[in-house]
Amino acid sequence: MLIVDLPQDSYEIAIAPNSLGQLGSKMKQLKIGKKVLVVSNPEIFGYYGDTCLKSLENAGFETCTHLIPPGEEHKHLQSIQQVYDTALANQIERSSTFVALGGGVVGDMTGFAAATWLRGVNFVQVPTSLLAIVDASVGGKTGVNHPQGKNLIGAFYQPKLVAIDPTLLTTLPPREFRAGIAEVIKYGVIWDEDLFTKLEHTERLDSLEYISDELLETMITRSCQAKADVVSQDEKEAGLRAILNYGHTIGHGVESLTNYKQFVHGEAVAIGMVAAGKIALEMGMWTKEEAQRQDNLIAKAGLPTDIPLELTTEAILETIKSDKKVKAGKARFILPTAIGKATISDRVTPEIIKKALSF
Ligand code: GLY
């Protein structure tokens, strides 16, 4: 059993194929109130809404639903206002629970609504994308975008349970699956050498159809274990947790310079990991061979590796200045020091970045 071990309110990450139908009985063990608001998007709800609601109702919960249109462009405060309206109309109480049934956008928004409605109601994550399963659903980062930047408004608010059913991934579009693989590779590089090696020994990683059930479960379990280990040691990102942002500094720059249209998040992270690997190489922190192993794995997963030619290094440097991870005016980079190990560095100068990216 995987546990996110926290000073207050530790919780389980339950991973089991075909388990959505048991969500209600699993939630009943949490000893929470009767009412549940399920938040989802129309497509995901079309696939899994019935199973989810039936399972909750069979376990004695009273349910209501709220659907948010899909996509990052709806991840803003007005959408949260509408969740509150539904909560109010259905007399959601403090002991009630918000269930997020969806990918990262649904999870982040539902968590933020749960953190703030009545100063906090129970919250359960049922992630349906690989990226949400291995990263966004665990660890309690919730929030919405501000017109000036992604996730600028938010709260740390931990779920009571993360219920993962890997079989839900069969309806995930292949591009989204690959985007999730980028985060799995991230855990291999920063935390879990054994996971990295397993991925290296897998012939194809670019689509769910090539991945055995056993490997999929290993990828999910090891990634969630890595995230749980890190979050248990540093819930509010005072230090260590920042390593989970590996690939995100340049990745966010690439996303914002391409107006969030050219790349999905995991693809931008893949490009960012390759760039961070080059910076680590330039600084003598890891070897050419290790960088090559990482880049080969990213390419094998069918993910992009290069910053688009039209984005200048100057433009990337500008985005780094406004990144959330800037501390006391210094950009903080997560850099690998070996396969399975990473460190946080504020010694990366614009000159180093320019030199590293010029190759
Ligand atoms: N996705 C990075 C974190 O949860 O800290």
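Counting convention: from 1, in listed order, for ligands and their atoms alike. Heavy-atom basis, side chains included; hydrogens, waters and symmetry copies ignored. In what follows, residues are counted from 1 in the order of the sequence shown.
The residues E290 and R293 are annotated as not salt-bridged, no charged nitrogen and carboxylate oxygen being separated by less than 4.0 angstrom.
Counting heavy atoms under 4.0 Å from ligand 1, residue V231 does not touch it at all.
The shortest side-chain heavy-atom distance between Q81 and L77 does not fall under the 4.5 Å cut-off.
Here the heavy atom of the protein found nearest to atom 1 (N) of ligand 1 is D135 OD2, 3.1 Å.
For atom 5 (O) of ligand 1, the candidate residues are E235, R241, H265; the nearest heavy-atom contact is made by R241.
Checked against a 3.5 angstrom limit, the closest N/O atoms of K186 and ligand 1 fall outside it. The shortest N or O to N or O distance between K227 and ligand 1 is below 3.5 Å.
Checked by atom type, the side-chain pair Y157/T116 shows no donor-acceptor distance below 3.5 Å. Inspection of the Y260 and E72 side chains reveals no N or O donor paired with an N or O acceptor under 3.5 Å.
Ring geometry for W117 against Y84 counts as parallel: the plane angle stays under 30°, on a 0 to 90° scale with 60° as the upper cut.
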